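Notes follow once the structure below has been shown.
Model, not experiment: these values are computed from the prediction. Protein chains get the first letters and strands the later ones, always in sequence-line order, with residue 1 at the start of each.
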There are 2 protein chains.
Amino acid sequence: MDVYDKYAYEPFAVTVDLAVFTVRGGALHVLLVERGEEPYAGRWALPGGFVRPDESAETAARRELGEETGLTDVSGPHLEQLRTYSEPDRDPRMRVVSVAFAALLPDAPEAHGGGDAARARWTPYAAAGPLAFDHDRILADARERVGAKLEYTCLATAFCPPEFTLGELQQVYETVWGTALDRPNFRRKVLATPGFVEAVPGAARLTGGRGKPAALYRAGTATALHPPLLRPTPEGRPA
Amino acid sequence: MDVYDKYAYEPFAVTVDLAVFTVRGGALHVLLVERGEEPYAGRWALPGGFVRPDESAETAARRELGEETGLTDVSGPHLEQLRTYSEPDRDPRMRVVSVAFAALLPDAPEAHGGGDAARARWTPYAAAGPLAFDHDRILADARERVGAKLEYTCLATAFCPPEFTLGELQQVYETVWGTALDRPNFRRKVLATPGFVEAVPGAARLTGGRGKPAALYRAGTATALHPPLLRPTPEGRPA
DNA sequence: CCTTTTATGGTCAAGGCGACTATAAAAGGG
DNA sequence: CCCTTTTATAGTCGCCTTGACCATAAAAGG
């Protein structure tokens, strides 16, 4: 990292791209924006934008998250850096290096308040067609990362509202992983992990649905999951 | 990521920084270079350099790895992107965004063949004093990532020569994690994981040391470790 | 009132893993 | 040449986790 090297260096544009996920109605959704200009005019793309001179990539990502979702409290949602995409030809116009982030939101915010957010739409992950640039790749990487992190972190609560039932939490796992889980076993595992969730003391209950009302829980203070909650292996996944 | 936005964007310099690790004599070592110029003249730093106009960050990292280690076959070593560091003030001279990588090498190459490699020295991780720029942080992040990946991947073999004993493999774990492991249990776990290691058929053996000669193994084809090989928890590490 | 639906509680056996003991095969020192 | 030391390898035992179940409780709907 020697700026005084004799090598000439070329200036790059640096952007952030966001894969913003939520779980809605049993399906994983991602926030997309429609491009208005070339290249890829009319195609959908991940929200994002330039990193400004006084910003870190993290700051820029959180700013973009607020602009695209219309959220007021932008400090709440889980946001984490994924990796950086820097293929020389990933943008046909110029050299653009993009730092990708994944964000996890609870359902509800139907997005597009004003400004940039007006362009944004929640799209089922499965229906997120061919995206602009290398965003298909970024989105796939982001989804894989989120699925993997559910195994060994308490990240699943980031998809849930402040108070939630264990059934809702299980829905998050089943939706992201695309597999069904045994309810009693899931419950046993979650409750046996100290700090994962904590019961809402008011013995509160919920919901408009059928069946016995469920107890409410809040996210606990733990972040890691030891031992991990491994997704069921369809066959053998050792390789 | 809209280049036609009205926002002015500032050009950034983009570099790669490498945390190159090896296990030597029961201690984790990292490859450092001494800076000759301001700022941080005389301080040690992670090797790295500018990403060239026709390179991706991955390509630049592998090129730098070759230049700094003097290795000929630069396609062999494990190299993986860590994350990107982009704090606006991380370089006092100008706006530099750095994509950090971790590289894992087997012991032996005493580095510095010619060119840039002459500047490079293997340093025990524990003795890697205050480094230039934010490289202390990068190095700490890299070490943590490597330690974590040993748990759920077969990455440990990247520290070993082409043929190795289970004792050497265990040494890798103990060195990176800083904990002792029970030998029979470690052996049982490694051999029970299909594709982790495969026995060298020639019933070969080794070594100049005392004791019963050990069987030789090669790295297998598996990359993931299911179930994981968790490092012993000193107390409770659920948080 | 009975069925359906969801939440919750419990059992049981197989497998993984930590702790530990035992044996085998080399080197080194008297 | 024997005995100790050292390292590799084999095996045992019991606890805990986990997957596959079964059973009960509490609501809604007909």
query = Watson-Crick or G-U wobble partner for C:dA24, using a 3.5 Å limit on both distances?
reply = D:dT7

query = Distance check: side-chain N/O of B:Arg187 vs OP1/OP2 of D:dT9, anything under 4.0 Å?
reply = yes

message = Regarding B:Arg183, tell me which of base, sugar-phosphate or nothing describes its non-hydrogen contacts under 4.0 Å with the strands shown.
response = base

inquiry  = Does B:Tyr217 form a ring-ring contact (aromatic ring centres under 6.0 Å, His included) with B:Phe196? I'd like the steps, not just the answer.
reply    = CA-CA 10 Å; B:Tyr217 294 85; B:Phe196 193 174; over 10 Å; no

inquiry  = What is the distance, to the nearest angstrom, from the CG atom on B:Leu169 to the C1' atom on D:dT7?
reply    = 16 Å

key: Separation of atom CD in B:Gln171 from atom C1' in D:dA8, rounded to whole Å   = 14 Å

key: Closest listed nucleotide, where the reference is the side chain of A:Pro184 and the choices are D:dA27, D:dT9, D:dC21   = D:dC21

ask   = Separation of A:Leu229 atom CG from C:dG16 atom P, in whole Å?
value = 18 Å

key: Nearest-Å distance for atom pair CZ/P, residues B:Phe164 and D:dT7   = 20 Å

query = Counting any heavy atom closer than 4.0 Å, what does A:Arg188 reach on the DNA or RNA strands: base, sugar-phosphate only, or nothing?
reply = base

request  = Name the closest nucleotide to the B:Lys212 side chain, picking from C:dA19, C:dT6, D:dT7.
outcome  = D:dT7

note = B:His226 NE2 to C:dG15 P, in whole Å, measures 19 Å

First encountered from the 5' end of DNA chain C, between B:Asp182 and B:Gly211 = B:Asp182

request  = Can you spot which of B:Lys149, B:Arg231, B:Arg83 makes a salt bridge (charged side-chain N to carboxylate O under 4.0 Å, His left out) with B:Glu144?
outcome  = B:Arg231

ask   = Among A:Leu104, A:Leu65, A:Leu79, whose side-chain contact (heavy atoms from CB on, under 4.5 Å) with A:Val20 holds?
value = A:Leu65

request  = Identify which nucleotide among D:dA27, C:dA25, D:dG29 has an atom closest to any side-chain atom of B:Pro213, counting heavy atoms from C-beta outward.
outcome  = C:dA25

task = Verify the ring-centre separation between B:Tyr152 and A:Tyr152: is it less than 6.0 angstrom?
result = yes

request  = Anything under 30° is parallel, anything over 60° is perpendicular, the rest tilted; go ahead and classify A:Trp177 against A:Tyr173.
outcome  = perpendicular

task = May I ask you to verify if any side-chain N or O of B:Lys189 is less than 4.0 angstrom from the OP1 or OP2 atom of C:dC17?
result = yes

